[in-house]
A.B. asks: 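The structure's right below; bear with me while I get my questions together.
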Amino acid sequence: MNIRPEEVSTIIRQELQHFGTELRSRGVGQVIQVGDGIARVHGLSDAMAGELIEFPGGVMGMALNLEEDNVGCILLGPEREIHEGDTARTTGRIVEVPVGEPLVGRVVNALGQPIDGKGPIAATEFRPTETRAPGVIERQPVKEPLQTGLKAIDAMIPIGRGQRELVIGDRQTGKTAVCVDTILNQKGKGVYCIYVAIGQKQSTVARVVHTFEQHGAMDYTTVIVATAADPASEQYLAPYAGCSMGEYFRDSGRHALVVYDDLSKHAVAYRQISLLLRRPPGREAFPGDIFYLHAFLLERAAKLSDELGGGSLTALPIIETQMGDVSAYIPTNVISITDGQIYLESDLFFAGVRPAVNVGLSVSRVGGNAQIKAMKQVAGRLRLDLAYYRELQAFAQFASELDPSTKAQLNRGERLVELLKQPLHETLPVEQEVMLLWVGTNGYLDDLPVSAIHTFERQFITFVQNRHPQLLESIREKKTLTDEMVETMKTAVQEFKTEFKV
């Protein structure tokens, strides 16, 4: 092999031309204490709040406490490899997660790493977990409905795209079921969904993922998991990671829905971290900035202005109450941050009213703006009828004889309550909801036994789909009830009642 000197000199000359001296400074410190998922590092005087800190064994940490003589870090991995006296380095990077289409259909941890065994995620774009919420000028009012497919919610506590609606109630009252049904109902509606499981049992999360797979919802859903078995640092980061993934779709002019299940456990994880970092405790031992923590997260849900693409991020945070106490610290905090709440009551749940929505305590501060006109036309009367029914029900328990109008009102209310019940994971398109609610509020169910309501519902929908298919199509397209449609509905229900056998 001949080596020619001119070739060697040419290569050296080229290398010298392109040679650049690029200096990168990295802060280096020494671990002075480690344990309980917390590491204290001395010497990182240039560390930023929220910066990633690199520890031995490739474990990363996040700088949370910037004190005079040390930096308190939460560890985002096992602490087995880290010992007192080890070297820790700053990275100059803030905690970020992968975002974009490659994450759709995947189950990931709080750092966006896949845990579903389907191989690596080929994400090209990353976003910081903590970003600034859009300002007032960058937003527009919430006026586009986000249908849940649940009659009780779409009629009386409507949710709009860009809204923050709290789902609150005791354990085992169907909070997760309401949010899962909402995600299932977004099929084919161009809404990307992110389900964040915080502090749940692994078996519970597996069951939710299985439900999504069964109903084809994983085609547009990302699941972020930080279970009770994971470190508190991951439970703390999970909702922020989910929010950043949703913001990617919002900022590209699309629509996203993020469910935080649940923020009570998120607050407990943050309390654990704060107490270990020796931050002063406040009410119920939570740190003073717990309100800021949730406000900072939920403010990022918004409907952007048309100039910014008109995308939206809707948030459905879940809060678990103890013995129905909505006046506790975390529930009152989140109620004051959100645009309304869906309150699920244990007594209703055990009485078989599911979803167990307490209409009196539930509210949507967006109101009718988040409903199509047809739903407004049938729902206004429904809330009044139900409120009147609840009031009469209390008196009727003590009255021996009731006048005919009171009996009729009680009779109507009983059937409306039955009509609003819905089996698990059986959501309805909005045109079917409107039609059934119109039938209920106009007294066509008053002469039926309560036990026959569900059979009537199912058979009536099939009847209309076969005999009057244009009716449902018209409601879906025009989004309002014309006199002609009302006449068609009257004819349809009268026809069907002659054939219906109890």
A.B. asks: Using the test side-chain hydrogen bond (donor to acceptor under 3.5 Å, both in side chains), find all partners of His425 that sit at least two apart in sequence or belong to another chain.
C.D. replies: Asp181
A.B. asks: Given the rule in the salt bridge (Lys or Arg N to Asp or Glu O under 4.0 Å) test, do Glu130 and Arg300 qualify, once you have shown the distances and angles that lead to the verdict?
C.D. replies: CA-CA 10 Å; Glu130 296 188 4; Arg300 290 160 70 180; over 6 Å; no
A.B. asks: Nearest 0.5 Å please: distance from the CD1 atom of Ile319 over to the NZ atom of Lys265.
C.D. replies: 10.0 Å
A.B. asks: Is there a donor-acceptor pair under 3.5 Å between the side chain of Thr338 and the backbone N or O of Arg164?
C.D. replies: no
A.B. asks: Quick one: do Glu418 and Arg415 satisfy salt bridge (Lys or Arg N to Asp or Glu O under 4.0 Å)? Show the steps, please.
C.D. replies: CA-CA 5 Å; Glu418 196 64 28; Arg415 278 146 189 78; over 6 Å; no
A.B. asks: Looking at Glu487 and Lys490, is there a salt bridge between them, counting it only when a charged N and a carboxylate O are closer than 4.0 Å?
C.D. replies: yes
A.B. asks: Any chance you could measure Glu165, atom CD, to Cys179, atom SG, to the nearest 0.5 Å?
C.D. replies: 10.0 Å
A.B. asks: What residues form a side-chain contact (heavy atoms from CB on, under 4.5 Å) with Lys478, not counting sequence neighbours?
C.D. replies: Thr480, Met485
A.B. asks: Should Tyr192 and Gln186 count as side-chain neighbours, where that means a heavy-atom distance under 4.5 Å?
C.D. replies: no
A.B. asks: What residues, two or more places apart in sequence or in another chain, satisfy ring-ring contact (aromatic ring centres under 6.0 Å, His included) together with Phe496?
C.D. replies: Phe456, Phe460, Phe463, Phe500
A.B. asks: Holding to ring-ring contact (aromatic ring centres under 6.0 Å, His included), I want the full list of residues that pass it with His255, two or more places apart in sequence or in another chain.
C.D. replies: none
A.B. asks: Side-chain donor-acceptor pairs under 3.5 Å in residues 199-210, sequence neighbours left out?
C.D. replies:
unit_1	atom_1	unit_2	atom_2	d
Gln200	NE2	Asp261	O	2.9
Gln200	NE2	Asp261	OD1	3.3

A.B. asks: Under 4.0 Å between a Lys/Arg side-chain N and an Asp/Glu carboxylate O for Asp385 and Arg390?
C.D. replies: no
A.B. asks: If we check ring-ring contact (aromatic ring centres under 6.0 Å, His included) with Tyr270, which of these qualifies: Tyr236, Tyr240, Phe286, Phe296?
C.D. replies: Tyr236
A.B. asks: Under the criterion side-chain contact (heavy atoms from CB on, under 4.5 Å), I'd like the reasoning laid out for Lys497 against Gln494: C-alpha separation, chi angles, the key distance, then a yes or no.
C.D. replies: CA-CA 5 Å; Lys497 283 185 83 173; Gln494 283 161 1; 5.9 Å; no
A.B. asks: Going from CD on Glu431 to CE on Met375, what distance comes out if it is rounded to the nearest 0.5 angstrom?
C.D. replies: 10.0 Å
A.B. asks: Heavy atoms only: give me the nearest Ser244-Val97 pair and the separation to one decimal.
C.D. replies: CB-CG2, 4.1 Å
A.B. asks: Can you give the donor-acceptor pairs under 3.5 Å from side chains of residues 343-356 to other protein atoms, not counting sequence neighbours?
C.D. replies:
unit_1	atom_1	unit_2	atom_2	d
Glu345	OE1	Asn358	ND2	2.9
Arg354	NE	Phe349	O	3.1
Arg354	NH2	Phe349	O	3.3

A.B. asks: Quick one: are Leu298 and Val334 in side-chain contact, heavy atoms under 4.5 Å?
C.D. replies: yes
A.B. asks: Return a table of donor-acceptor pairs under 3.5 angstrom between the side chains of residues 117-124 and protein atoms on other chains or two or more places apart.
C.D. replies:
none

A.B. asks: How many angstroms lie between atom OG1 of Thr488 and atom NE2 of His468, to the nearest 0.5 angstrom?
C.D. replies: 7.5 Å
A.B. asks: Apply ring-ring contact (aromatic ring centres under 6.0 Å, His included) to Phe291 and list each qualifying residue two or more places apart in sequence or on a separate chain.
C.D. replies: none
A.B. asks: With sequence neighbours excluded, what pairs up with Asn369 under the side-chain hydrogen bond (donor to acceptor under 3.5 Å, both in side chains) test?
C.D. replies: none
A.B. asks: Filter on ring pair (Phe, Tyr, Trp, His ring centres under 6.0 Å), then keep only pairs touching residues 137-188, sequence neighbours left out; what's left?
C.D. replies: none
A.B. asks: Rounded to the nearest 0.5 Å, what separates atom CZ in Arg412 from atom CG in Leu382?
C.D. replies: 10.5 Å
A.B. asks: Answer yes or no: is there a side-chain heavy-atom contact under 4.5 Å between Tyr260 and Leu316?
C.D. replies: no
A.B. asks: How far apart are the C-alpha atoms of Glu299 and Arg132, what are their side-chain angles, what is the distance that settles it, and do they pass the salt bridge (Lys or Arg N to Asp or Glu O under 4.0 Å) test?
C.D. replies: CA-CA 9 Å; Glu299 278 296 319; Arg132 186 185 70 84; over 6 Å; no
A.B. asks: Can you tell whether the side chains of Glu101 and Arg254 come within less than 4.0 Å, N to carboxylate O?
C.D. replies: yes
A.B. asks: Considering only heavy atoms from C-beta outward, does the side chain of Ile318 approach that of Val259 to under 4.5 Å?
C.D. replies: yes
A.B. asks: Answer yes or no: is there a side-chain heavy-atom contact under 4.5 Å between Leu386 and Val417?
C.D. replies: yes
A.B. asks: Do the side chains of Ile335 and Ile168 get nearer than 4.5 Å, heavy atoms only?
C.D. replies: yes
A.B. asks: State which residues pass side-chain hydrogen bond (donor to acceptor under 3.5 Å, both in side chains) with Thr498; sequence neighbours excluded, sorted by chain then number.
C.D. replies: none
A.B. asks: Measuring only between side-chain heavy atoms, which start at C-beta, is Leu103 closer than 4.5 Å to Pro98?
C.D. replies: yes
A.B. asks: Evaluate the side-chain proximity of Val104 to Asp219: yes if any heavy-atom separation is below 4.5 Å, no if none is.
C.D. replies: no
A.B. asks: Run the side-chain hydrogen bond (donor to acceptor under 3.5 Å, both in side chains) test against Lys151 and tell me which residues pass, sequence neighbours left out.
C.D. replies: Glu457
